[in-house]
Every structure is written in C-alpha cells, then in structure tokens.
Protein chains: 2
Amino acid sequence: MAQQKIPEVVVDRLPTYVRALTLLREEGISVVSSQELGVRLRVTPAQIRKDLSYFGRFGKQGRGYNIDNLIRELRSILGLTKEWPMALVGAGQLGQAILRYTGFVPEGFRVVAAFDTDKRQIGRKIGPVVVQDVAELPQTVVERNVDIGIVAVPSATAQGVIDTLVRSGIRAILNYAPMSPHIPENVLVREVDPVVALQSMTFYLKLDEKQREKAAQ
Amino acid sequence: MAQQKIPEVVVDRLPTYVRALTLLREEGISVVSSQELGVRLRVTPAQIRKDLSYFGRFGKQGRGYNIDNLIRELRSILGLTKEWPMALVGAGQLGQAILRYTGFVPEGFRVVAAFDTDKRQIGRKIGPVVVQDVAELPQTVVERNVDIGIVAVPSATAQGVIDTLVRSGIRAILNYAPMSPHIPENVLVREVDPVVALQSMTFYLKLDEKQREKAAQ
DNA sequence: TCCTGTGAAATACTTCACAGCT
DNA sequence: AGCTGTGAAGTATTTCACAGGA
C-alpha cells in the first residue's frame, strides 16, 4: 500500500479531533459517531470520515468510533507519543507568559531552555527554566535535542533569531512575532497572531453593520 | 455592480498583506509589485492580484501598488479605521498577559473591561483596566458598545462564559480556551491555540524522521 | 437499522496566461 | 518593458450518496 499524500488541511484538523475526543472521554463517553463528533466541532460528518480514511479504518459500521482507540491512533499519527523539547527565545513579557503557560506539558511539549539578550533577564529563573544568553543557544539546541523553537521577541529582531534557530538545526518554529519570516523550505512555521485573527473578524463585523444600515433604511 | 461573495480565505489573507505593507513602508518603500510582495509573504503574485481584485483595482499597470494607498484601502475594507473596544473574561495568568500585551492598541483594538469570578482578582488594576465581577459583564458590554469578547478562562468554564458573552450581544469572540465552543451562526469565533499549531507540526517532524530512518538503512 | 468508508460529483481555490494600460 | 486585472484552466477540498458490515 503506497502511502498517498495527505492534504495539509486534513493534518491541521486532526489535533482538534484529538481535543474534542479527549473532552468526550472526560465526560465518560466511550463511543462516538462522526455525526455526533461533527456537531461538537461544527464540521460535517463526511469530512471527519474522509479525513480519518486517509490514515486507516478506525470505526465500526453501525456503531461509530471507540474514543480511547481513536485518540490513541490519532496521537500516534501526529507524533504525540513522545515528548518534544522546545527552546524559547525572548524572555520578556510575552516570553514569561509562555514559560508559565501550563497547557504545553500535558500535551507532551516542554520548554527546556529559554534565551534572551537582555543581561537583566539572563540567570533569572522563570517557570521551569533559567534564562540563558542567546550565545549559548546553538550548543543547547544540539545537546538537548531540541526540534522546536518558540520566537517571542519583537518583530524587529525576530528574523535574526529565526536565522540563528535555523542554523542551529531547529526543524519547526512557533512564531509569536507579528511578521512573516524568511525560512528555508524544510523548516516548518506556525504563526500565533491574535491581531490577525481579530482583523479578519472585523471585516465581517463591518459587513454586518452595513447590511443592518441598509435594512434600516 | 453586485458585490460578489468574497471567499473567506481571501479575507483571512488581507491582514497579512496589511502587515507586510506596513513593514515595507517603514523601510521607506512607497511602491511595490505583486511579485515583490509575494516574495516577502511566500505567496504567488497571482494570488495577491486575484485577492485584491475582489475589492477593486488598486494597482498601476507597469508600476505596481502605491503602498500608502493600498494600506489605506485594505484597512478600510477590513474595518480598521475605527477603534474596536473589547471585553476580556478571565484575569488569571493568561488574561493578565493579554491585558499587558501591547500589540492590540496600535492596530485599533483596545481592552476596555476585564472580568473574573475570583474575588481576589476583582478590583485589581491590571494593565489598562480594573477587573470587574462577571455579574457586571452584560451591562458593561452594552454601555461600552463592546462587539468583541476575549475568552481566557479554563476550558471547563469557557462554554458558560461564551454563553454569557453571546447573550450580552457580543458579535465576535477571540477564544484562548482549548476547546471548541458552541456558538450561534451569527457570532464569529477565532481560536488562538498554540498547542494545536504545535501538534500539526509534529506530524511532519515525525514523517521526516521516518524518512531519514528509511534512507539510513 | 445504523453508521462507516469511499469513489464520484460538486464546489472552492489557485495558478496560468495574456489583453491592455502606463 | 513592465506589471495589473481577470477569464479560463487546472488543482484541491468538500460533500454526496450508497454499498456493505455490525
């Protein structure tokens, strides 16, 4: 069986399936149909079935999916059975909030090192780590087998930080800086940008206001 | 001219165009071609031209786009010419970081009120606001004309908070809680979820590792 | 009967390629 | 000569609809 190419959109949806399934499990539910899961996630049942079908046959006809089993399968597909060490760059306001964020560890993501250029931050213990000088980054990344970098520095310095991370051999970047970085093909990036999220909503808010005005005439 | 329906993906890209154009302007550049902008953003020039063509004709043949003008047009299209007041719910670790985040205000987003149920938080001044009791939320939302709510409470209580926001007349929600909320059709949501972003990257990291193993055999 | 898994159809999105303006 | 704006072509993604297993 030649592994067909999986669409990126499909991969992007899998984590939300895992999350919803985990919440269902906490409610004591053990089996779910694509219909029921679709209602929760506001997606069509056909989409869920189609997405899962890229990876295997996990359901039982007439019943649905065993939640424990499906969670296990999806976590394995997504590479979530191991722990992923991460390195954070930028120990300012935002970086500190990230270091104190408790949502990463239960999912297997652990910030194992933090870096800054600011002498006042270096040596400080924040959350689980002591802030190091950025100069030590390349060595630490190699020593601690870090594949994922988190960028939490101002836009102006972000590209430099990203270049350093890439040169150090990092393979994935979670970027909190509001800019679009230059990155080699083989390195992954995801942007975390609440402002961009807000700005696409205001388009529809404004549209809605216009329509109300028109309707009110 | 009947306004044709604009694809959502197009709207979602506009804020990144604004961002890139703004950075170009700061570099002192005043005109840009779709080609040049595409290189910055890692998208095709055709996509940029096509996206813009849904809204009008902003370029000059043979030259490109006047940056000042295009920024102004896009900001107007996105509804960014007014200030958007926002209400935050959840003044814990995460909520405090959001209140202290300086990236919203320059873009016209301002948190004008914050709410919590925790007696120890209520009355505290954090960043630009004093934390209020959630009981006061509906009234404040109406009085202060708040259209956008930010949810920064634990998953377990998020749905209740969202219901309250919706009942109070909010029209858009920026959700930091790692769950998928039930929301009426006419209310917008955007999820801010770094863990989901990480989990779709690990799929490819794992794939890459597998391929290396195979190659090494 | 209920619900999965999946080709096929429908829809959505992206890219091409070129007429036409500057 | 260079670059936009845009139908048309090409891909990608979603949804349909139904055979078949529990």
Side-chain angles (χ1 to χ4, degrees), chain A residues 1-17 20-21 24 29-74 77 200 203-204, chain B residues 1-17 20-21 24 29-74 77 200 203-204:
Chain A
M1 176 191 90
Q3 167 81 6
Q4 61 183 309
K5 208 192 145 290
I6 315 280
E8 250 190 75
V9 272
V10 172
V11 175
D12 288 350
R13 279 193 293 264
L14 298 186
T16 65
Y17 295 168
L21 290 164
L24 284 167
I29 299 164
S30 63
V31 175
V32 71
S33 67
S34 59
Q35 168 74 50
E36 293 161 337
L37 189 57
V39 168
R40 293 269 177 154
L41 288 168
R42 317 181 91 209
V43 301
T44 64
Q47 179 158 84
I48 293 172
R49 295 201 301 277
K50 182 62 123 178
D51 284 355
L52 297 178
S53 77
Y54 284 101
F55 303 97
R57 303 157 62 114
F58 307 118
K60 274 210 179 59
Q61 284 158 327
R63 298 254 303 130
Y65 301 88
N66 176 287
I67 290 181
D68 271 343
N69 177 55
L70 187 51
I71 290 174
R72 200 175 323 111
E73 293 279 8
L74 289 176
I77 290 163
S200 63
F203 173 81
Y204 295 103
Chain B
M1 175 193 89
Q3 167 82 4
Q4 61 183 309
K5 205 191 148 289
I6 315 280
E8 252 191 73
V9 271
V10 172
V11 175
D12 288 350
R13 278 192 293 264
L14 298 186
T16 64
Y17 295 169
L21 290 164
L24 284 167
I29 299 165
S30 63
V31 175
V32 71
S33 67
S34 58
Q35 167 74 50
E36 293 161 337
L37 189 57
V39 168
R40 292 269 177 156
L41 288 168
R42 317 181 92 211
V43 301
T44 64
Q47 179 158 85
I48 293 172
R49 295 202 302 277
K50 180 62 119 179
D51 284 356
L52 297 178
S53 78
Y54 285 101
F55 303 97
R57 302 155 61 112
F58 308 118
K60 275 212 180 58
Q61 285 157 326
R63 298 252 308 129
Y65 301 87
N66 176 286
I67 291 181
D68 272 342
N69 178 56
L70 187 52
I71 290 174
R72 200 174 322 111
E73 293 280 8
L74 289 176
I77 290 163
S200 63
F203 173 81
Y204 296 103

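Chain identifiers are assigned alphabetically (A, B, ...) following the order of the sequence lines, protein sequences preceding nucleic acid strands; residue numbering begins at 1 within each chain.
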* Look at the side-chain N and O atoms of Arg57(A) and state whether any lies under 4.0 Å from the OP1 or OP2 oxygen of dA22(D). => no
* Structure fact -> Side-chain contact check for Tyr65(B): nearest option of dT13(D), dT15(C), dT4(D) is dT4(D)
* Test log, rule side chain to side chain contact (heavy atoms under 4.5 Å, CB included), inputs Leu24(B) and Arg40(B) -> CA-CA 10 Å; Leu24(B) 284 167; Arg40(B) 292 269 177 156; 3.4 Å; yes
* Rounded off to whole Å, could you give me the NZ-to-C1' distance for the Lys50(B) and dA8(D) pair? => 9 Å
* Side chain of Val9(B) - closest among dT14(D), dT15(C), dC13(C) -> dC13(C)
* **Selection from dC3(D), dC13(C), dC3(C) that lies nearest to any side-chain heavy atom of Pro7(B)** => dC13(C)
* Asked: Does a side-chain N or O from Arg49(B) land closer than 4.0 Å to OP1 or OP2 of dT14(C), or not?
  -> no
* Calculate the interatomic distance between Ile48(B) atom CD1 and dT6(D) atom P; express it in whole Å. => 16 Å
* To do: Could you state the atom-to-atom distance from NZ of Lys60(B) to P of dG5(D) in whole Å?
  => 10 Å
* Exercise: identify the closest heavy-atom pair between Phe55(B) and Ile6(B) -> CZ-CG2, 3.5 Å
* Asked: If you pin Gln47(A) and Gly62(A) to their nearest nucleotides in DNA chain D, which one's is more 5'?
  -> Gln47(A)
* To the nearest Å, give me how far apart CD (Glu8(B)) and P (dC13(C)) are. => 8 Å
* **Short side-chain N/O contact to dT4(C) OP1/OP2 from Ser34(A), under 4.0 Å** => yes
* To do: Specify the separation, in whole Å, of atom CD of Gln35(A) and atom C1' of dC16(D).
  => 15 Å
* Provide, to the nearest angstrom, the distance between the CG atom belonging to Asp12(B) and the P atom belonging to dT14(C). => 10 Å
* To do: Considering just the side-chain nitrogens and oxygens of Gln61(A), establish if one lies under 4.0 Å of OP1 or OP2 belonging to dG20(D).
  => no
* Structure fact -> By nearest-heavy-atom nucleotide on DNA chain C, the more 5' of Gly59(A) and Asp51(B) is Gly59(A)
* Whole angstrom is fine here: how far is it from OH in Tyr54(B) over to P in dT14(C)? => 8 Å
* For Arg42(A), look at atom CZ and say whether over 12 heavy atoms of other residues, nucleotides or ligands are found less than 6.0 Å away. => yes
* Nucleotide dC3(C), atom P - distance to CZ of Arg63(A) in whole Å -> 10 Å
* **Rounded distance [0.5 Å steps], OH in Tyr65(A) versus CG in Leu74(A)** => 10.0 Å
* **Nearest-0.5 Å distance that lies between atom OG in Ser200(A) and atom CZ in Arg13(B)** => 12.0 Å
* State which of dC13(C), dG5(C), dC3(C) makes the closest approach to the side chain of Ser53(A). => dG5(C)
